[in-house]
Amino acid sequence: MLIAVDGPAAAGKGTLTRKLAEHFDLARLDTGLIYRAVSLKALELGDPSDEKIAVAAAEGLSFSDPDLAGLRDEAAGNAASKVAAIPAVRDILLIFQRNFAANPPNGKKGAVLDGRDIGTVVCPEAPYKLFIDASAEVRADRRYKELQERGDEAIRSAILRDIIDRDERDRSRTVAPLEPAKDAKVLDTSDLDADAVFAAALNFISLQD
Ligand code: DC
């Protein structure tokens with residue numbers, strides 16, 4: 001089983017894919033974390049928007065430890081969106097992602113991947129494709145609450161602006177832009193809670209069989 005889940009920042013892809021992985025006993029790959037790890041590594045080496053530096057960071061990445069401190073920060077997400085626009089970086093990371101989908105680790109019989117281009121580029125053959133969307137306002141509210149609950153300082157207007165900037169960058173890049181695959185089920189989750197999104201995803205998957 002292979003499930004591709006795409007969508008913009010803070011749409012709820014992580015929550016959904018965790019539930020899907022548990023329900024179907026799948027290996028889960030949050031591909032945004034890989035781009036985040038590359039951006040942090042590139043920052044250590046110099047300017048992350050310099051192609052040579054970003055490529056060196058992608059080539060030197062060890063996938064065994066994706067839980068680098070700071071990976072979940074908003075700043076890491078924004079920096080990730082910048083290195084993600086560099087085609088040579090995407091080419092390097094594509095191999096790892098496809099390999100994960102074809103050979104899920106830990107003896108799992110299938111995989112669920114979430115990101116921006118899973119249904120369109122990484123796994124265009126996936127039988128189940130979902131595109132999770134929500135208005136920028138709703139996504140900013142969700143991210144704001146999440147940060148507050150974690151005890152992190154957050155300014156809602158800054159989060160909204162970052163989300164809008166990141167959407168624009170991810171949608172307008174020339175390689176693998178954020179867009180639903182033609183055969184993806186688009187779910188607008190603006191008015192849905194996590195359980196309702198999960199139920200809608202399960203319903204879609206059952207209709208494909
Ligand atoms: O899902 P996320 O917010 O952790 O992703 C961080 C950035 O990484 C996102 O803004 C764009 C990039 N990304 C990508 O280009 N392709 C993916 N499959 C996943 C993430």
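The structure presented is a predicted model; accordingly, all values stated were derived computationally and were not measured. Heavy atoms only: backbone and side chains are in, while hydrogens, waters and symmetry mates are out. Order of appearance sets the numbers: ligands from 1, and atoms from 1 within every ligand.
With R173, R143, R116 as candidates, the residue nearest to atom 5 (O) of ligand 1 on a non-hydrogen basis is R116.
Using a 4.0 Å cut-off between charged side-chain N and carboxylate O, D141 and R156 make a salt bridge. A salt bridge is defined here as a Lys NZ or Arg NE, NH1 or NH2 lying under 4.0 Å from an Asp or Glu carboxylate O, and K13 with D30 fails to meet this definition. Contact check on R116 versus D170 returns a salt bridge, with a Lys/Arg side-chain nitrogen under 4.0 Å from an Asp/Glu carboxylate oxygen.
The cluster map of Ile, Leu, Val, Met, Phe, Trp and Tyr, joined by side-chain heavy atoms under 4.5 Å apart, puts I163 and L71 in different clusters.
For ligand 1, the atoms sitting less than 4.0 Å from at least one non-hydrogen atom of A80 are 6 (C), 7 (C), 8 (O), numbered in the order shown with element in parentheses. Counting atoms of ligand 1 from 1 in the listed order, those under 4.0 Å from a heavy atom of T31 are 17 (C), 18 (N), 19 (C). Listed by number with element, the atoms of ligand 1 under 4.0 Å from a non-hydrogen atom of A84 are 12 (C), 15 (O).
Nearest protein neighbour of atom 6 (C) of ligand 1, counting heavy atoms only, is R166 NH1, 3.4 Å. Here the heavy atom of the protein found nearest to atom 4 (O) of ligand 1 is R36 NE, 2.6 Å. For atom 8 (O) of ligand 1, the closest non-hydrogen atom on the protein side is Y35 CB, 3.4 Å.
Checking T189, D167, D133 one by one against R139, the side-chain hydrogen bond (donor to acceptor under 3.5 Å, both in side chains) holds for a single residue, D167.
Look at R90 and you'll find a heavy atom under 4.0 Å from some atom of ligand 1.
By the 3.5 Å distance cut-off applied to N or O atoms, D170 is counted among the residues near ligand 1.
Within the 3.5 Å criterion, the main-chain N or O of S81 finds no donor-acceptor partner in the side chain of R169.
Side-chain atoms of Y35 and R90 form a donor-acceptor pair, as typed in the model, at a separation below 3.5 Å.
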